[in-house]
There are 2 protein chains.
Amino acid sequence: MALSQTSVVDTALELLRESGLAGMSMRTLATRIGVQPSALYWHVPSKQALLTAVAERVLAAMRPVEADDSAAAELRAIGEALRAAVTGVPDGAEIVALGLAAGAVNPVADAVEATCARYDKVDRAPGLTTALTGYVIGLGLEEQTHHNLRTADPEMAAVDFGPRFGAGLEALLAGV
Amino acid sequence: MALSQTSVVDTALELLRESGLAGMSMRTLATRIGVQPSALYWHVPSKQALLTAVAERVLAAMRPVEADDSAAAELRAIGEALRAAVTGVPDGAEIVALGLAAGAVNPVADAVEATCARYDKVDRAPGLTTALTGYVIGLGLEEQTHHNLRTADPEMAAVDFGPRFGAGLEALLAGV
DNA sequence: ACCTGAACACCGTTCAAGT
DNA sequence: ACCTGAACACCGTTCAAGT
């Protein structure tokens, strides 16, 4: 079986799950595949492009959110689904931020629009999409960076970001 | 004048403003100071620690927010002030995320608490701090990553994040 | 078309040795 | 106490050459 763009991304994701971004160099990736590092550049233009493709996979793993009995409940579920996808892979926040910056489609946009349409608030969709996405990526980045610092220095105190995420999400949905 | 921890951070910040994180290696930093790279390690334990110190400077540059005639107006000003500080330096979002993850004090927390106290909503302060900080860092990261991609590839379309930030902030403050 | 081999121009960090 | 010199163990990427 010949090497392909898809299989390179597969292996990259595999390596990412095992050891995060730090363990996912073009060289370790090549070694895992059993090829010279330079061979990768036949299938992928750059590491950045590779990471963008990985980001698209991570975003595609976001589970769809079904209708609920309030707009807030649906938006909360969307935020939680994005968080699950992003924190489901080491350094997911950083990678997804790169992907979105590179122009990857944000599944949150469609989900939020569907919800807003159901509750007659279509005009609020863009702002809510930006708020929700930015919040999940931002807190996810802090959390995963904290995790990386902690594995480098076990003296560091652990922090549970779960409750903080929940409280921040409630605040975002409640407004002021 | 002998080298010091403070002067190393000064020069690091200077280099950061000129060329971002990509241009701020321990080697370029040493060259700028006129010393061998290894000399830096007498004044700073690691690059990570150096970046954390830089993050503290960036956060300290956040201008204080004065009392206004509504809680929403004050919180909006706090979000805008954090954004100004973070996007005021290249790759500021990434650096500040590292700093916060490392335990840097978040000036937003005090500001939000003061506002909430003024409007009898002290219990809402933690959630609002998390939401506001996460949102500003998350969108800032996307924006600055987009900027970096664009300087690497001038074919890429420009995106104005200003209005998007405003809309997201309004959505966050308005709730649903 | 697809891959190897070898190189280019970098990294962060350590550590003996100098002053 | 503070810095140099030299090395260690890495990076991403390019490109001629092979098949």
Side-chain angles (χ1 to χ4, degrees), chain A residues 1-13 15-16 18-55 90-91 94-95 98-99 101-102 145 148-155, chain B residues 1-13 15-16 18-55 90-91 94-95 98-99 101-102 145 148-155:
Chain A
M1 246 294 275
L3 206 53
S4 70
Q5 147 107 262
T6 311
S7 70
V8 170
V9 177
D10 286 345
T11 311
L13 204 36
L15 225 46
L16 186 70
E18 290 172 19
S19 40
L21 224 33
M24 202 200 105
S25 72
M26 295 303 269
R27 287 162 191 269
T28 58
L29 181 52
T31 301
R32 170 67 61 97
I33 294 174
V35 89
Q36 293 293 319
S38 50
L40 299 175
Y41 289 87
W42 184 264
H43 300 97
V44 143
S46 66
K47 186 175 185 181
Q48 205 163 81
L50 173 60
L51 289 178
T52 299
V54 169
D91 298 312
E94 192 175 336
I95 291 170
L98 171 66
T145 302
N148 290 342
L149 290 176
R150 240 175 67 77
T151 59
D153 169 23
E155 309 282 299
Chain B
M1 244 292 275
L3 205 51
S4 70
Q5 148 107 261
T6 311
S7 71
V8 170
V9 176
D10 286 345
T11 310
L13 204 36
L15 224 45
L16 186 71
E18 291 172 19
S19 41
L21 225 32
M24 202 200 106
S25 71
M26 294 303 270
R27 287 162 192 270
T28 59
L29 181 53
T31 301
R32 171 65 62 95
I33 295 174
V35 89
Q36 293 294 317
S38 49
L40 299 174
Y41 289 87
W42 184 263
H43 301 96
V44 143
S46 67
K47 186 174 185 181
Q48 205 162 80
L50 173 60
L51 289 177
T52 299
V54 170
D91 298 311
E94 192 175 335
I95 290 169
L98 171 65
T145 303
N148 291 342
L149 290 176
R150 239 174 69 76
T151 59
D153 169 22
E155 310 281 297

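First the proteins, then the strands, lettered A, B, ... as listed; each starts at 1. Being a predicted model, the structure only gives us computed values, none of them experimental.
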* Interatomic distance at C1', D:dA16 relative to C:dC3, whole Å -> 13 Å
* For the residue pair A:E18 and A:R32, establish whether any side-chain heavy-atom pair is separated by less than 4.5 Å. => yes
* Does B:L40 reach the side chain of B:K47, with side-chain heavy atoms less than 4.5 Å apart? -> no
[atom1] of [X] versus [atom2] of [N]: gap in Å, rounded?
| X | N | atom1 | atom2 | result |
| --- | --- | --- | --- | --- |
| A:I33 | C:dC2 | CD1 | P | 15 Å |
| B:L15 | C:dC11 | CG | P | 11 Å |
| B:Q48 | C:dG12 | CD | C1' | 11 Å |
| B:Y41 | D:dT4 | OH | C1' | 15 Å |
| A:L40 | D:dG12 | CG | P | 10 Å |

* Taking only residues two or more places apart in sequence or in another chain, which ones pass side-chain hydrogen bond (donor to acceptor under 3.5 Å, both in side chains) with B:Q48? -> none
* Structure fact -> The nucleotide from C:dG12, D:dC3, D:dT13 with an atom nearest the side chain of B:L3 is D:dC3
* Asked: What would the secondary structure line of DNA chain D be in dot-bracket form, counting Watson-Crick and G-U wobble pairs under 3.5 Å, with [ ] for pairs that cross earlier ones and | for pairs with another strand?
  -> ||.|||||...|||||.||
* Return no unless some side-chain N or O of B:W42 is found under 4.0 Å from OP1 or OP2 of D:dC3. => no
* Asked: Do any side-chain nitrogens or oxygens of A:H43 fall under 4.0 Å of OP1 or OP2 in C:dC3?
  -> yes
Check nucleotides 5-9 of chain C against the protein and report each pair of N or O atoms closer than 3.5 Å, with its distance, or say if there are none.
| residue | atom | partner | partner atom | Å |
| --- | --- | --- | --- | --- |
| C:dG5 | O6 | A:S38 | OG | 2.7 |

